[in-house]
Amino acid sequence: MHFFEVVLFLLLCSVALGWVARHFNFPYPIALVLGGGMLGFVPGLPQLDFDPQLLLTLVLPPILYQAALLTSWRDFKANLRPIGLMAIGLVIVTTLAVGVALKLLIPECPWAAAFVLGAIVSPPDAVAATTILSRLKIPRRVVSVLEGESLVNDASGLVLYKFAVAAVLTGTFSLIEASVQFVGVSLGGIAAGVLLGGLFIRIHRHLKDPFIEVLTSLSIPYAAYILCESVHISGVLAVVAAGLVRGRYSPELVSAETRILARSMWNMLVFLLNSLIFILIGLQLSNIMPRLSDYSAAQLAAYALIISAVSILVRFAWVYPVAYLPRVLGDKEHPPGRSEVFIMSWCGMRGIVSLAAALALPVSIAGGAPFPQRDLIIFLTFAVIAVTLVLQGLTLAPLIRWLQLGTDWGPHEEGHVALQAMGGAAIAAIDELAQKDGMDAALVARIRAEFAEKLASPGALPGAQTQFGMDHARQLRRVAIRAERQELIRIWRDNQISDDVLHHLEEMLDYQESRL
């Protein structure tokens, strides 16, 4: 019973923190990290025993999979070079820099354990980035690079994390062997994810039931992660690859009812996992802080600030040269502006992936000895997350206004073009069905006028105030919405609109169709 009482307590804390974030209008990860930190200082807080590896398996797959589903493959491919340089190169550099900094601060800390901390805090978090960036109007190119980076760097960071943990557990490390294994597990994970994504697409076509389809979509990330980890290839990269593949086909594959159910389920699940992990760190801190009594409060604060500063500054030292490297090499590609480069450098919030990796550290190594500096690593991880989320997250909007970073009007223009095309397709479908079945001219004119509003008033919701009582009216609206959806997918496939515009208009059509 103790376990369920603790879980209920965590859920109530999550509800309270979520309300605070909503009430004061700031991103919920910031409320969670502050609330979780304060819980760590509550005396007599109940503890929750859990398997560290089970926690990593429970949390990571659905969070990364949802981020991959919503990632634009077109934008990802167009920005592959900067994403690769930041998602792999920057992760390696950050791991080394943070590891060296911790070793200099605490000489008795083993090198492998120091690099464990570096690998944990090296990747900015996908959920933290998208949660904060979605509230701000900044150029799509910046968002595409940051979201693509935060998606892939989780995989590269966790691969380095596993190598560093293995070095601590075994006491041996070979750079050449680790490099070969890094390439092998990465390529293996990508290949397996693409294959599993394609397999589940084939399975999905035969389900034809919204609840079974949603349940199947939930099983995909867990199946990909567990299967790949069991054969020692990257389960994280497999989940990301499977999500990218399935996201590319979901507009044609998934029905409106299934998409509405899945959208709600995924949003709730990701919020729940984020909430529980951030609250769980509070429980851990309340147990960890007494065991860090060898360090004074001033020392712990200094270590936290130094490691956080290294994590932030190394990103600036990497992003600026990478942004202008193509120009130095003679590439004619238009470089990002100074304001854009600064925002990409400043946008390095850490989040749930780093926290889950820290909590998943083994308690002991071979022979039963405790994992070296485990408590300090968890404390410093939380400190880096708190500093980056609060400092960088809360200052992003003022910085963007101060730098006068322009809004990308491309999505607005694309949305207007898409609505025009969809309206024309709907009217053509209505006329074709009406002529084929000889429907009443007055009814056809009224339904036709509803969808013609798209041509005169982009963004209007045809039929939102109408009760669909007549069979012919329902038929006409259904065939019109089907034509709109087909036209929307066509212009998306032809690269005339972005994935963001697709998802926005797709959601509009889903709710219109659900009214039928």
Side-chain angles (χ1 to χ4, degrees), residues 53-54 56-77 80 83 87 126 147-148 151-152 154-156 158-159 162 181-267 269-270 273 353 485-486 489-490 492-493 499 502-503 506 510:
Q53 291 304 313
L54 178 61
L56 203 63
T57 304
L58 175 68
V59 170
L60 287 183
I63 289 177
L64 295 176
Y65 186 71
Q66 191 213 30
L69 282 177
L70 299 177
T71 297
S72 167
W73 173 248
R74 182 179 67 178
D75 292 342
F76 184 87
K77 186 170 62 173
L80 193 57
I83 288 173
E147 289 183 349
L151 185 64
V152 177
D154 290 333
S156 54
L158 287 171
V159 171
K162 292 190 175 183
Q181 288 182 356
F182 182 88
V183 174
V185 299
S186 300
L187 294 179
I190 294 172
V194 171
L195 290 174
L196 289 171
L199 174 63
F200 276 104
I201 287 173
R202 290 182 176 273
I203 294 173
H204 196 120
R205 297 183 189 279
H206 302 285
L207 296 178
K208 307 300 183 183
D209 182 278
F211 292 99
I212 296 176
E213 290 178 39
V214 172
L215 187 60
T216 302
S217 71
L218 180 60
S219 69
I220 295 173
Y222 287 113
Y225 184 86
I226 293 171
L227 284 174
C228 291
E229 288 294 321
S230 65
V231 295
H232 307 294
I233 56 179
S234 176
V236 175
L237 274 173
V239 170
V240 170
L244 287 172
V245 170
R246 191 170 181 276
R248 185 66 180 168
Y249 291 93
S250 62
E252 300 165 326
L253 187 68
V254 181
S255 67
E257 183 180 2
T258 300
R259 197 160 21 243
I260 292 172
L261 288 172
R263 190 181 295 119
S264 301
M265 185 275 295
W266 280 109
N267 289 338
L269 178 62
V270 169
L273 292 175
V353 173
R485 193 182 300 278
Q486 291 172 351
I489 293 173
R490 185 192 68 78
W492 171 65
R493 290 287 185 200
D499 286 55
L502 168 75
H503 293 149
E506 190 176 55
D510 289 341

Show your working on side-chain contact (heavy atoms from CB on, under 4.5 Å) between Glu252 and Gln486 and close with a plain yes or no. CA-CA 8 Å; Glu252 300 165 326; Gln486 291 172 351; over 6 Å; no
I would like to know whether Arg263 and Asp510 meet side-chain contact (heavy atoms from CB on, under 4.5 Å); could you show each step before the answer? CA-CA 11 Å; Arg263 190 181 295 119; Asp510 289 341; 3.1 Å; yes
Stepwise side-chain contact (heavy atoms from CB on, under 4.5 Å) test for Thr216 and Ser219: CA-CA 5 Å; Thr216 302; Ser219 69; 4.3 Å; yes
Test side-chain contact (heavy atoms from CB on, under 4.5 Å) applied to Arg490 and Arg485, step by step: CA-CA 9 Å; Arg490 185 192 68 78; Arg485 193 182 300 278; over 6 Å; no
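Trp266 is linked by a side chain to side chain donor-acceptor pair (under 3.5 Å) to nothing, counting only residues two or more places apart in sequence or in another chain.
Distance CG/Leu60 to OH/Tyr225: 5.5 Å, rounded to 0.5 Å. The distance from the OG atom of Ser217 to the CD1 atom of Ile212 is 12.0 Å, given to the nearest 0.5 Å. Between the CD1 atom in Ile489 and the OH atom in Tyr249 there is a gap of 13.0 Å [rounded to 0.5 Å]. Distance OG1/Thr71 to CD/Gln66: 10.0 Å, rounded to 0.5 Å. Atom CZ of Phe76 is separated from atom CZ of Arg248 by 13.0 Å, given to the nearest 0.5 angstrom. Here the straight-line distance linking atom CZ of Phe211 with atom CG of Leu215 works out to 11.0 Å at 0.5 Å rounding.
Side chain of Thr258 to main chain of Val254: no donor-acceptor pair is present (N/O by atom type, distance under 3.5 Å, no hydrogens or angles). Between the side chain of Tyr222 and the main chain of Leu58, a donor-acceptor pair closer than 3.5 Å is present.
At a threshold of 4.5 Å between non-hydrogen side-chain atoms, the residues Pro221 and Leu64 do not count as touching. For the pair Pro251/Leu502, a side-chain contact is recorded, criterion being any heavy-atom separation below 4.5 Å from C-beta on.
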Show every donor-acceptor pair shorter than 3.5 Å between a side-chain atom in residues 227-243 and any protein atom, with sequence neighbours excluded, or say none if there are none.
from	atom 1	to	atom 2	distance (Å)
Glu229	OE1	Lys162	NZ	2.4
Glu229	OE2	Lys162	NZ	3.0
Glu229	OE2	Gly235	N	2.9
Ser230	OG	Ile226	O	3.3
Ser230	OG	Leu227	O	2.5
Ser234	OG	Leu237	N	3.1

Show which side-chain atoms of residues 198-208 pair as donor or acceptor with protein atoms under 3.5 Å away, not counting sequence neighbours.
from	atom 1	to	atom 2	distance (Å)
His204	ND1	Arg246	NH2	3.0
His204	NE2	Glu213	OE1	2.8
Lys208	NZ	Arg205	O	3.3

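Across every non-hydrogen atom of Ala87 and Ser156, the tightest pair is O-OG, 2.5 Å. Summarising the geometry of Pro62 relative to Leu269, their closest heavy-atom pair is CB-CD2, 3.8 Å, with the distance given to 0.1 Å. Nearest heavy-atom pair across Pro210 and Leu261 is CB-CD1, 3.8 Å.
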